[in-house]
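Single-structure report; data block below.
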Amino acid sequence: MTEPIRDSLPGMLARAQAGERRATGRLLSIVERGGEPADALATLTHPHTGHAHVVGITGAPGAGKSTLTGALAASLAAAGSRVAIVAIDPSSPITGGAILGDRIRMDDIVASAHERIFIRSMATRGQHGGLALAVPGALRVLDAAAFDVVVVETAGVGQIEIDIVAETDTTVVVLNPGWGDAIQANKAGVMEMADVFVVNKADRPGTDDAVRDIEYMLDLGRPHARTDGHSAWRPPIVCAVATEGRGIDTMIDALTAHLAHLELSGGLTERRTGRLDNEVRRRVRQAFELELARAVRADPTLLAAVRSRRLSPADAAQLLADRVLR
Ligand SMILES: Nc1nc2c(ncn2[C@@H]2O[C@H](COP(=O)(O)OP(=O)(O)OP(=O)(O)O)[C@@H](O)[C@H]2O)c(=O)[nH]1
Ligand SMILES: [Mg+2]
């Protein structure tokens, strides 16, 4: 319990780099718990990063993201790559069963003796803030632990997904035939984030229609698409049957092509720089918020004076800002 975590961090990182999954797991637990040990870990791991291809896989619940991720990881690992998978658990109780399903399927993959695959779930716990800090930290650990590809799976189309998509180099949007899936995704703004489309469950009717819908929407243009590295990149559409491993090779080709495009266009540097800038700003904002809460608690008369009209909100804000910045 009271082991000197800080002293053993470099040792743990070395073991993680050597492929010891338990060490990687312990490092991620440190990230999740946050605080000073997590900051020390960030200091240690940051210089070792920038090598992993970070791939986000998003799409509606049940689209086949986990099956696809598993097949992708198995294929990459068979070709000699080390692959880490981070599954973001939706905190909604409705999908509780699906989480368990994911765990079982993913455990199967691990049990199938793919030494080069590491899998971890991270809970959202309904907190944007916590996850927003934990995800970059986790990706940093996995990158530093010398994984070649890090896949982040998220379900749904909420703010959390959009935040996490921003943490990746390549975003895969998984759609299914039928149900006007592409149109739903378009409304939710997910289409705009896509670097690669996968129409999964291509064993079902309506696959051609789904591809046509996506092509049509791409023809219309994506006014809010990411500007970084998007120039001259039209997201390819891959048809897949994840359960049978069909389309996985084409998907890997698409991911490789996108990474090459990013490298060539300067988009990779732009995305990664933007990410780091954002993280720094987020941390500063968090530090300010903490100090602000402390300053408000320390002087309850201040807000009382505003409420009783003796002090204007602007003057109170100025007073608090001065105290926080001092
Ligand atoms: N017919 C068919 N079924 C598939 C295919 N891929 C996945 N499935 C099935 O679809 C269901 C959902 O697959 P998952 O991989 O759990 O989907 P997911 O997107 O990860 O789901 P959540 O994590 O719950 O959002 C499972 O029963 C899979 O076996 C496919 O290509 N064809
Ligand atoms: Mg899943």
Side-chain angles (χ1 to χ4, degrees), residues 5-6 9-10 13 27-52 54 56 86 88 91 120 122-145 150 152 154 158-169 171 189 192-193 224 226-229 262 266-300 302-303 306 311-326:
I5 285 172
R6 187 186 265 276
L9 282 182
L13 179 60
L27 290 174
L28 290 180
S29 297
I30 292 170
V31 170
E32 282 180 321
R33 280 195 295 271
E36 207 197 309
D39 290 345
L41 183 55
T43 305
L44 177 72
T45 50
H46 186 56
H48 298 278
T49 57
H51 309 291
V54 183
V86 180
I88 307 294
S91 46
R120 173 77 166 220
M122 288 180 80
T124 59
R125 296 194 195 92
Q127 283 179 14
H128 292 205
L131 198 71
L133 289 182
V135 167
L139 296 180
R140 185 154 30 239
V141 162
L142 295 168
D143 191 347
V150 180
V152 188
T154 56
Q159 188 56 47
I160 290 175
E161 284 68 36
I162 290 170
D163 288 349
I164 289 166
V165 156
E167 298 297 329
T168 64
D169 300 322
T171 299
E192 317 250 305
M193 312 304 289
H224 305 295
R226 296 169 68 164
T227 50
D228 47 356
L262 282 183
L268 190 64
T269 309
E270 205 180 325
R271 279 185 186 197
R272 290 180 173 177
T273 306
R275 226 139 81 194
L276 292 172
D277 287 0
N278 276 336
E279 191 184 351
V280 171
R281 285 167 210 269
R282 218 160 38 226
R283 283 182 176 277
V284 174
R285 270 197 294 276
Q286 197 196 36
F288 276 144
E289 288 286 347
L290 282 173
E291 281 306 313
L292 177 59
R294 197 170 298 156
V296 168
R297 265 198 315 273
D299 186 1
L302 197 79
L303 290 184
V306 176
L311 188 66
S312 82
D315 292 338
Q318 189 60 60
L319 275 170
L320 280 171
D322 288 346
R323 285 176 204 173
V324 167
L325 293 172
R326 200 183 325 122

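For reference, positions follow the sequence shown, starting with 1.
- Note that the CG atom of L262 and the CD atom of E270 stand 9.5 Å from one another [nearest 0.5 Å].
- Taking Q318 as the reference, D322 meet the side-chain hydrogen bond (donor to acceptor under 3.5 Å, both in side chains) condition, with sequence neighbours excluded.
- Pairing each heavy atom of L320 with each of A295, the nearest pair is CD2-CB, 3.8 Å.
- Side-chain contact between V152 and I88 is present, with at least one heavy-atom pair separated by less than 4.5 Å.
- Side-chain atoms of I30 and V141, non-hydrogen and from C-beta on, never get closer than 4.5 Å to each other.
- The two residues A52 and R272 come nearest to each other via the heavy atoms O-NH2, 2.9 Å.
- Minimum interatomic distance between L303 and V296 (heavy atoms only, all atoms of both residues): CD1-CG1, 3.7 Å.
- For the residue pair L311 and A316, the shortest heavy atom distance occurs at CD2-CB, 3.8 Å.
- Side chains of L142 and R120 form no contact here, defined as non-hydrogen atoms less than 4.5 Å apart.
- Taking the side chain as every heavy atom from C-beta outward, V150 and D143 never approach each other to under 4.5 Å.
- Contact detail for P37 and G34: the closest heavy-atom pair is CD-O, 3.9 Å.
- Annotation: side-chain hydrogen bond (donor to acceptor under 3.5 Å, both in side chains) contacts of R285 (sequence neighbours excluded): none.
- Between D299 and R323, the shortest heavy-atom distance links the atoms OD2-NH1, 2.8 Å.
- Note that the CZ atom of R140 and the CG atom of L276 stand 7.0 Å from one another [nearest 0.5 Å].
- Put simply, the side chain of R275 reaches to within 4.5 Å of the side chain of V54, judged on heavy atoms.
- The pair R282-E279 does not meet the salt-bridge criterion, since no charged nitrogen lies less than 4.0 angstrom from a carboxylate oxygen.
- Side-chain contact check for L139 versus E167: some heavy-atom pair is nearer than 4.5 Å.
- Applying the side-chain hydrogen bond (donor to acceptor under 3.5 Å, both in side chains) rule to T273 yields no partners; only residues at least two apart in sequence or on another chain are considered.
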